[in-house]
Amino acid sequence: MRENVVIIMADQLRYDVLGRGFTPNIDSIREGGVDFTRAYCACPLCVPARGAFFTGKWPNVNGSLINPWLASDSYYGSVHEGIDNLYRMMEKDWCSIHSGKQHLFTEGGKLEDVDKDTIWASTEKSYKEYLAENGVRAPGGPRFKTPVPEMKGGAYTRVTRYSNANTGCYPEDEKFYFDRYFAQKAVEAIRKRDRSRPLLLNAMFLAPHPPLEIPQPWYGKVAVDDFVMPENVGVFYPHQSPLQMYNLTGVVGARYRREEWMESWRVYLGLVSMLDDCVGMVLDTLREEGLYDDSIIIFTSDHGEMLGSHALFQKMCMYEEAAHVPLFISLPGRQARRIDDVVSHVDVLPTLCELLNLSHKGTFDGRSLLGIMEGRRDGTGVPAYIQFDGNGARSNFQRCVVMDRYKLIVDYFKDETFFELYDVVADPQETENLLFSGGHDAIALELVRLLRRHMEETSDMVAPPALAPEEFRKAYGDIPTRR
């Protein structure tokens, strides 16, 4: 009999907040499975991150590049017709249940509107209906949003509003919070499942995505003395990309001082604790139903959260806090391992296909990780690529390649291109852009070559970068003494 498959995905969860005592349930998945310590999303944005995860294809290839909120650019938010996804590949043979946020868009529409073979136990739409039935408002509101500029089609600026780092106590009962509702619906669906088939559960939580207005007891659960913020919170480094100040990340993040970030961190960690409790509800139900020991359990996040690191907020950039994601895969009867090779979200679906002998249309951009997990294959020297093409519209383009210990970031805005090179093993908080420290030009040029080849092979609409290190340093090396 085929194993059950349980995929648990958080939204905007920083890798570095796990294992601090706030996440015992999530940590139990890590401790019992394979911990990929250097996993990266394919895009630090919700819709394209999920498009890549669920298709095993890079955003340029599957077509999902942005959140399709603006009608004129919405075409770029959907996975192209004819591209397989995990739901469709598995729902005929597995009892497929989805509970939670659903941000996998296809050219035919949102997946829950066009896919009738999966049980949609809960979605954001059903959550809104649940609140309306009970006369309760959703968390958030005007105080939790900030006006920011956003370019349409990479050419025309408009003003829109996106979540900020403000905090508050949600006055309603915790059962009305997004993830308590999603978790409860997942539990109910597991118990009512078709027992003649193995289970496929996609539990997609919203936490710890803002708004940072959360209910008790979670709002007051974490005190400022319970954690230490990373040193790069509230610091805009001399040679990080100044083009971030044209992006939502800098527009919002630069408004807060380091001491103000303490409150955002406190509430964010409370929300992380709530997420962990919801994950515990799902894991406990799997145990009660006799499913846990026969389940492949995958835990990850669609992307991370800057939360003040580099003086930035939200995701939408290539720094570790936004692009480095947890990826834990627990296999029945397999030994726990830690793997430090660079891997990508596009590798997860090919891995499941090899594990479960799944048939699929076409080819994947990712690779199966099973050989690495079993020690049969060396995973070093394989690059991971990350791209960002704007939030609700095409703009603020960024490209990135990570290979072994080095990361190259290319930031585009209008006619400017800015480069960053980091040794993310020696400098995980990315405080020193090695292009300005000397001796790393050859590494940077090799990563530029790899990135250019990838962009050309995937028919990237953004021009491949060209780096002349000396000219770049001359143009950007004069840093003001007062910042």
Side-chain angles (χ1 to χ4, degrees), residues 4-41 46 49-50 53 99-101 174 177-184 186-187 190 201-210 212 214 217-218 221-222 226-227 230 265-288 291-293 295-305 307 315 320-332 334-340 343 345 348 373:
N4 309 295
V5 177
V6 177
I7 298 174
I8 303 174
M9 182 178 286
D11 192 330
Q12 223 146 304
L13 176 67
R14 286 177 63 122
Y15 179 90
D16 60 359
V17 302
L18 302 177
R20 292 187 176 197
F22 303 110
T23 54
N25 293 299
I26 296 171
D27 294 343
S28 72
I29 303 173
R30 168 193 254 171
E31 292 158 4
V34 178
D35 177 5
F36 290 95
T37 66
R38 298 193 61 209
Y40 290 89
C41 62
C46 297
R50 293 159 194 263
F53 180 90
S99 187
K101 179 173 181 175
E174 64 173 312
Y177 200 77
F178 303 98
D179 290 319
R180 301 299 286 189
Y181 169 79
F182 294 150
Q184 185 57 43
V187 166
I190 292 169
L201 173 67
N202 282 290
M204 306 282 111
F205 292 106
L206 187 68
H209 191 294
L212 299 179
I214 69 174
W218 314 102
K221 183 169 185 179
V222 178
D226 293 338
F227 63 92
W265 268 78
R266 187 189 71 78
V267 177
Y268 178 86
L269 290 172
L271 191 48
V272 168
S273 183
M274 173 192 268
L275 165 70
D276 186 75
D277 191 68
C278 292
V279 171
M281 291 172 62
V282 172
L283 298 182
D284 286 346
T285 304
L286 294 175
R287 293 185 183 99
E288 292 165 6
L291 299 169
Y292 187 89
D293 291 336
S295 295
I296 297 169
I297 301 176
I298 299 173
F299 179 86
T300 191
S301 180
D302 57 353
H303 49 71
E305 161 64 66
L307 205 64
K315 52 274 187 175
E320 289 291 283
E321 296 83 5
H324 181 185
V325 293
L327 178 60
F328 314 141
I329 302 179
S330 177
L331 304 177
R334 309 286 183 98
Q335 190 173 6
R337 291 192 65 197
R338 171 189 167 115
I339 294 176
D340 298 326
V343 302
H345 264 168
V348 175
M373 294 165 68

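Since we're looking at a predicted model, the values are computed, not measured.
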Where do L269 and F227 land on the side-chain contact (heavy atoms from CB on, under 4.5 Å) test, with the steps shown first? CA-CA 9 Å; L269 290 172; F227 63 92; 3.5 Å; yes
Which heavy atom of G32 sits nearest a heavy atom of S330, and at what distance? O-OG, 3.5 Å
Would a 4.5 Å heavy-atom cut-off, applied to side chains only, mark D302 and F53 as touching? no
Is there a side-chain contact between V267 and I214 (heavy atoms, below 4.5 Å)? yes
For D340, which residues count as a salt bridge (charged side-chain N to carboxylate O under 4.0 Å, His left out) partner, sequence neighbours excluded? R338
Taking the cut-offs as 6.0 angstrom to the six-membered ring centre and 45 degrees off its axis, would you call R14 and F22 a cation-pi pair? no
Would you indicate whether the side-chain heavy atoms of V34 and L331 approach each other to under 4.5 Å? no
Short question: side chain of R30, backbone of F328 - any donor-acceptor pair under 3.5 Å? no
Taking C-beta and beyond as the side chain, do E305 and P208 meet within less than 4.5 Å on heavy atoms? no
For a 4.5 angstrom cut-off between non-hydrogen side-chain atoms, does S28 reach L283? yes
Hey, mind stepping through I329 and I29 against side-chain contact (heavy atoms from CB on, under 4.5 Å) and telling me if it holds? CA-CA 8 Å; I329 302 179; I29 303 173; over 6 Å; no
Taking every non-hydrogen atom, the tightest pair across R50 and A10: NH2-O, 4.2 Å
Once rounded to the nearest 0.5 Å, what's the spacing between atom OG1 of T300 and atom CG of L327? 5.0 Å
CE/M9 to NZ/K101 distance, rounded to the nearest 0.5 angstrom? 10.0 Å
Listed partners of E31 passing salt bridge (charged side-chain N to carboxylate O under 4.0 Å, His left out), at least two apart: none
Here the pair of heavy atoms bringing D276 nearest to P24 is OD2-CD, 3.1 Å
State, with a plain yes or no, whether a side-chain heavy atom of H303 is found less than 4.5 Å away from one of C46. yes
Could you give me the CA-CA distance, side-chain angles and deciding distance for I190 and L291, then say whether side-chain contact (heavy atoms from CB on, under 4.5 Å) is met? CA-CA 10 Å; I190 292 169; L291 299 169; 3.9 Å; yes
F182 CZ to F205 CZ distance, which is reported to the nearest 0.5 Å: 9.0 Å
Check the surroundings of atom CD in Q335: do more than 12 heavy atoms from other residues, nucleotides or ligands lie under 6.0 Å from it? no
Spatial distance of atom CD1 (I8) from atom CD1 (I298) [nearest 0.5 Å]: 10.0 Å
State, yes or no, whether a side-chain contact exists between M274 and D277 at a heavy-atom distance under 4.5 Å. no
Tell me, please, which residues at least two apart from D293 pass salt bridge (charged side-chain N to carboxylate O under 4.0 Å, His left out). none
Assess the residue pair L271 and Y177 against the criterion (side-chain contact (heavy atoms from CB on, under 4.5 Å)); give the C-alpha distance rounded to whole Å, side-chain angles, the decisive distance to 0.1 Å, and a yes or no. CA-CA 11 Å; L271 191 48; Y177 200 77; 3.7 Å; yes
Kindly compute the distance separating CG (L13) from CD1 (I26), expressed to the nearest 0.5 Å. 6.0 Å
Can you name the nearest heavy-atom pair linking M373 to I339, along with the distance? CA-CD1, 3.8 Å
Just wondering, do W265 and V17 contact through their side chains at under 4.5 Å, heavy atoms? yes
What are the two closest heavy atoms between P326 and L18, and how far apart are they? CB-CD1, 3.7 Å
If the test is side chain to side chain contact (heavy atoms under 4.5 Å, CB included), which one of D179, I7, D11 qualifies with M204? I7
Hey, would you say the Y40 and H345 ring centroids sit under 6.0 Å apart? no
How long is the gap from CG on N4 to CG on L201, to the nearest 0.5 Å? 10.0 Å
Nearest atoms (heavy-atom pairs only) where W218 meets S273: CZ3-OG, 3.6 Å
